[in-house]
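In what follows, a single structure is set out as structure tokens and then discussed.
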Amino acid sequence: MPLALLALAVGAFGIGTTEFVIMGLLPEVASDYGVSIPTAGFLVTGYALGVVLGAPLMTVLGTRIPRKRMLMLLMGLFIAGNVLSALAPAFGMMLSGRVVASLAHGAFFGIGAVVAAELVAPEKKAGAIAMMFTGLTVANVVGVPLGTLVGQTVGWRVTFMIVAVLGVVGLLGIARLVPDLPRPEGGVRIRRELAAFRNVQVLLAMAMTVLGFGGVFAAITYITPMMTHVAGFANSSVTWLLVLFGLGMVAGNLIGGRYADRALMPMLYVSLGALAVTLAVFTLTAHTKAGAAVTVVLIGALGFATVPPLQKRVLDQAAAAPTLASAVNIGAFNLGNALAAWLGGLVIAAGLGWTAPNWVGAALAASALALALVSGALERRTAGRAARSGGRVVAAAAAAPAAAPGTTAAVPARH
């Protein structure tokens, strides 16, 4: 794996830290600005919506810019957003800083995935994408707990300044290590990029992204009340449970990248099916500390085992114009997070209990598995038709009379 992937992983580490660290710092931010915790929660929602909208917007704006330069500009935007968040004198400006930083998120991962795939041989593409996403998963193991600790002891503004410094390191790494890749033949054209969305396989892959990863966040969004009220953990133990979740994410991401290069669709079938079962079982294991801890690791591993194959699936199916589709698929992850969190909140509000979101997650993951099976069936049918068509052409050629010596064989007309 080339060193350029390390630079992309550092950028991903910074982005992953700023996305999730705010969840552990909401009380401090709310107290500092004199707002309620639910109001401070808009810093989470605003970031997620910024990713969904920013992924296609920033990708379209950058279609005429070489990918390396665009990655550097996105890191610059990320740095500016975090500095603004750290220095914001009012809550509204803090929210603006969060949105500015989020605009870089989707396009960075989308364009970065395309660049990572181009840096390696075709049979190693999913592994390269997984290597870049390792930065995001490690952020949940190291960056988020440390950022939360710093924010709670020294001040949340210091946390966001440190994240901005991480962005500077990522920017310098990209400038130094990522090569100037040749632009696609004919450049990146909006019309050609949009044409990828007419491919039903691209749309199915994105729907799998929304539902599959949404299943993970249906449970994890409400992990704190579930673990304290049901499993009996102390509030201080939730941080270590999230570290376990992050370790599972790291392992699942690397495993998913490795096996997606060998058998992409079977990897999706296994990971989505196992995720649906694990989320359903979580309604039972959440009642014991040991069972809950093991299940949290499995949810992280199985959830992130779907990320490299889903991202590679989009790149493969939109091979002629992958940039916009790749970025939009990153937005689809965040759309799934928002949808799942909302649905999980609905079942809790309906009085179904703290473990009810696990059933929501299981249903979402099972729906993603159903779409994966449909996608695989359509692909086999298309391949079968192509094989039969090719067989008829070969048979027709074999049956054609040979040309007499000294004459020219008739050439079939091409339609």
Side-chain angles (χ1 to χ4, degrees), residues 13 16-28 37 41 44 133-153 156 159 212-255 271 274-307 333 336-337 340-341 344-345 347-348 353-362 364-365:
F13 178 85
T17 300
T18 204
E19 179 181 16
F20 295 111
V21 76
I22 189 63
M23 298 176 185
L25 298 176
L26 282 183
E28 285 74 19
I37 296 266
V44 178
F133 275 92
T134 297
L136 178 62
T137 58
V138 172
N140 284 274
V141 180
V142 180
V144 173
L146 286 180
T148 301
L149 179 62
V150 169
Q152 291 174 345
T153 55
W156 62 266
T159 296
F213 207 72
V216 174
F217 267 75
I220 295 303
T221 298
Y222 302 98
I223 191 70
T224 298
M226 196 186 308
M227 294 298 93
T228 55
H229 290 92
V230 180
F233 282 102
N235 286 330
S236 58
S237 299
V238 174
T239 298
W240 298 109
L241 287 170
L242 291 176
V243 170
L244 290 177
F245 174 71
L247 289 171
M249 291 168 66
V250 173
N253 179 59
L254 295 175
I255 292 170
S271 56
L275 178 62
V277 172
T278 302
L279 286 166
V281 170
F282 197 25
T283 58
L284 301 176
T285 58
H287 292 271
T288 65
K289 291 183 179 180
V294 171
T295 310
V296 164
V297 175
L298 289 175
I299 291 172
L302 293 170
F304 247 80
T306 67
V307 174
F333 282 107
N337 298 350
V347 295
I348 291 175
W354 292 113
T355 61
N358 298 329
W359 287 114
V360 173
L364 291 173

Could you go through residues 226-234 and list every donor-acceptor pair under 3.5 Å that involves a side-chain atom there, pairing it with any protein atom two or more places apart or in another chain?
from   : atom 1 : to     : atom 2 : distance (Å)
Thr228 : OG1    : Thr224 : O      : 2.8
Thr228 : OG1    : Pro225 : O      : 3.4
His229 : ND1    : Pro225 : O      : 3.0

Anything under 3.5 Å between a donor and an acceptor, one on a side chain of residues 133-140, the other on a protein residue two or more places apart or in another chain? List them.
from   : atom 1 : to     : atom 2 : distance (Å)
Thr134 : OG1    : Ala130 : O      : 2.8
Thr134 : OG1    : Met131 : O      : 3.4
Thr134 : OG1    : Asn253 : ND2    : 3.2
Thr137 : OG1    : Thr134 : O      : 2.8
Asn140 : ND2    : Leu136 : O      : 3.0

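- Considering all non-hydrogen atoms of both residues, Pro145 and Val243 come closest at CG-CG2, 3.6 Å.
- Nearest heavy atom pair, residue Ala362 against residue Ala276, reads CB-O, 3.5 Å.
- With sequence neighbours excluded, no residue forms a side-chain hydrogen bond (donor to acceptor under 3.5 Å, both in side chains) with Ser271.
- Taking Val347 as the reference, Leu352, Ala356, Pro357, Val360 meet the side-chain contact (heavy atoms from CB on, under 4.5 Å) condition, with sequence neighbours excluded.
- Listed by chain and residue number, Leu26, Val29, Leu43, Val44, Met94, Arg98, Phe160 satisfy the side-chain contact (heavy atoms from CB on, under 4.5 Å) test with Ile22 (two or more places apart in sequence, or in another chain).
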Please list, one pair per line, the donor and acceptor atoms closer than 3.5 Å that link side chains of residues 281-293 to other protein atoms, with sequence neighbours excluded.
from   : atom 1 : to     : atom 2 : distance (Å)
Thr283 : OG1    : Ala280 : O      : 2.6
Thr285 : OG1    : Thr295 : OG1    : 2.8
His287 : NE2    : Thr283 : O      : 3.3
Thr288 : OG1    : Thr285 : O      : 3.4
Thr288 : OG1    : Gly291 : N      : 3.2

>> Let's go through Val216 and Phe245 carefully: what are the C-alpha distance in whole Å and the side-chain angles of both, what is the deciding distance for side chain to side chain contact (heavy atoms under 4.5 Å, CB included) to 0.1 Å, and is it a yes or a no?
In response: CA-CA 11 Å; Val216 174; Phe245 174 71; 3.9 Å; yes
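- Looking only at distances, no side-chain donor or acceptor of Tyr222 sits under 3.5 Å from a matching main-chain atom of Trp354.
- Remark: side-chain polar atoms of Thr278 are not paired, donor with acceptor, to backbone N or O of Ile299 under 3.5 angstrom.
- Scored by the ring pair (Phe, Tyr, Trp, His ring centres under 6.0 Å) test, Phe333 finds Phe213 as partners (sequence neighbours excluded).
- Closest of all the heavy-atom pairs between Leu275 and Gly212 is CD2-O, 3.6 Å.
- Across Gly215 and Leu279, no two heavy atoms sit closer than the pair O-CD1, 3.5 Å.
- Taking the side-chain contact (heavy atoms from CB on, under 4.5 Å) definition, one finds that Leu242 meets it with Ile223, Val238, sequence neighbours left out.
- Residues Gly151 and Thr159 approach most closely at N-OG1, 3.1 Å, considering heavy atoms.
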